[in-house]
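Keep in mind that this is a model prediction, so the values were computed, not measured.
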Amino acid sequence: VRTNKKGRIIQKFGFLERLESLPGRLKIKQPWIQIFSKDDRITEITAQTGTVDVEGAEGQMQIPNSGFLENVRIKMYRLPKDTAIIPSPLSGEIPEGQTVEMEVQLTESVRFEREISRLQSAGDCTVSSKLFSVAGTGLLLVYDQNNERLQELELLQVKQLRLARKDLQ
């Protein structure tokens with residue numbers, strides 16, 4: 001769990017189980033991360049397996065970077081007002097009244113740099129929302145921690161773009 005200067009939770013990271021311990025790195029099953037914005041938005045990243053770089057002594061473990069492998073999904077949603085409990089991404093539960101604003105599916109591994117909240121993948125991906133859907137390769141997603149918002153979402157190569165009909169009027 002990471003908090004901002006005011007003590008508000010801005011990131012949570014977890015996984016179902018440790019699969020293998022390597023020097024300076026763990027291989028893990030079902031990793032997840034939740035990034036919280038001050039406007040009740042959550043960015044949630046999940047995968048089947050992953051890796052985490054580990055720094056520091058036991059009990060003082062730091063996790064600066066992680067890799068999400070296999071079936072990577074990113075979901076951005078807004079919580080309804082007065083939501084007290086946010087379920088773990090592993091539970092499969094969706095908070096009642098949640099509005100999914102955007103979903104991203106990736107076919108290849110994703111690298112997450114925790115300190116700068118940057119996520120990058122060279123593989124194929126699809127991004128969908130109520131307003132558009134786009135398919136392409138080379139995703140870059142950057143989250144602005146100071147302003148607690150999505151700063152950048154970029155596809156290096158767009159293969160297909162669809163806009164909702166109402167946006168074309």
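Considering only heavy atoms from C-beta on, K159 comes within 4.5 Å of D124 through its side chain. You'll find the side chain of V104 stays beyond 4.5 Å of the side chain of T126, heavy atoms only. Residues T43 and R41 form no side-chain contact, since every pair of their non-hydrogen atoms from C-beta on lies 4.5 Å or further apart. By the 4.5 Å heavy-atom criterion applied to side chains, I74 and L119 are counted as neighbours.
In this structure R25 satisfies the side chain to side chain donor-acceptor pair (under 3.5 Å) test together with D53, sequence neighbours excluded. Legend: residues meeting side chain to side chain donor-acceptor pair (under 3.5 Å) with E20, ordered by chain and number and at least two apart, are absent.
With hydrogens and angles ignored, the 3.5 Å screen pairs no side-chain donor or acceptor of T51 with any backbone N or O of S66.
Closest heavy-atom contact between G123 and T107: C-OG1, 4.3 Å. Closest non-hydrogen pair, T46 versus F68, comes out as C-CD2, 4.4 Å. L106 and V110 make their closest contact through CD1-CG2, 3.9 Å (heavy atoms, listed as atom of the first residue, atom of the second, distance). The shortest heavy-atom contact between C125 and L155 is SG-CD2, 3.1 Å. Residues A122 and T137 come closest through the heavy atom pair O-CB, 4.0 Å. Residue F15 comes nearest to P31 through the heavy atom pair CB-CA, 3.8 Å, listed as atom of the first residue, atom of the second, then distance.
The structure places CD1 of I45 at 11.5 Å from CH2 of W32, a figure rounded to the nearest 0.5 Å. Rounded to the nearest 0.5 Å, atoms CD (Q157) and CG (L139) are 13.5 Å apart. Between K130 atom NZ and E101 atom CD the span is 8.0 Å, to the nearest 0.5 Å. In this structure, the separation between NZ on K27 and CD on E17 is 12.0 Å, given to the nearest 0.5 Å.
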Exercise. Stepwise, does the side-chain contact (heavy atoms from CB on, under 4.5 Å) test hold for E103 with R73?
Worked result: CA-CA 7 Å; E103 193 161 352; R73 292 178 183 259; 3.6 Å; yes

For this session: Apply the test side-chain hydrogen bond (donor to acceptor under 3.5 Å, both in side chains) to residues T49 and E70: give CA-CA distance (whole Å), side-chain angles for both, the deciding distance (0.1 Å), then the verdict.
Result: CA-CA 6 Å; T49 60; E70 302 177 62; 2.8 Å; yes

For this session: Could you walk me through whether L141 and M76 pass side-chain contact (heavy atoms from CB on, under 4.5 Å), step by step?
Result: CA-CA 12 Å; L141 186 147; M76 297 173 197; 3.4 Å; yes

Exercise. What do the steps show when you test F36 against K12 for side-chain contact (heavy atoms from CB on, under 4.5 Å), and what is the final call?
Worked result: CA-CA 8 Å; F36 300 87; K12 285 185 178 181; 3.9 Å; yes

For this session: Check step by step if side-chain contact (heavy atoms from CB on, under 4.5 Å) holds for V52 and I28.
Result: CA-CA 8 Å; V52 290; I28 54 178; 3.8 Å; yes

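For the side-chain hydrogen bond (donor to acceptor under 3.5 Å, both in side chains) with Q34, the qualifying choice from Q11, E44, K75 is E44, the only one to do so.
Clustering of Ile, Leu, Val, Met, Phe, Trp and Tyr side chains at separations under 4.5 Å places L140 together with V142.
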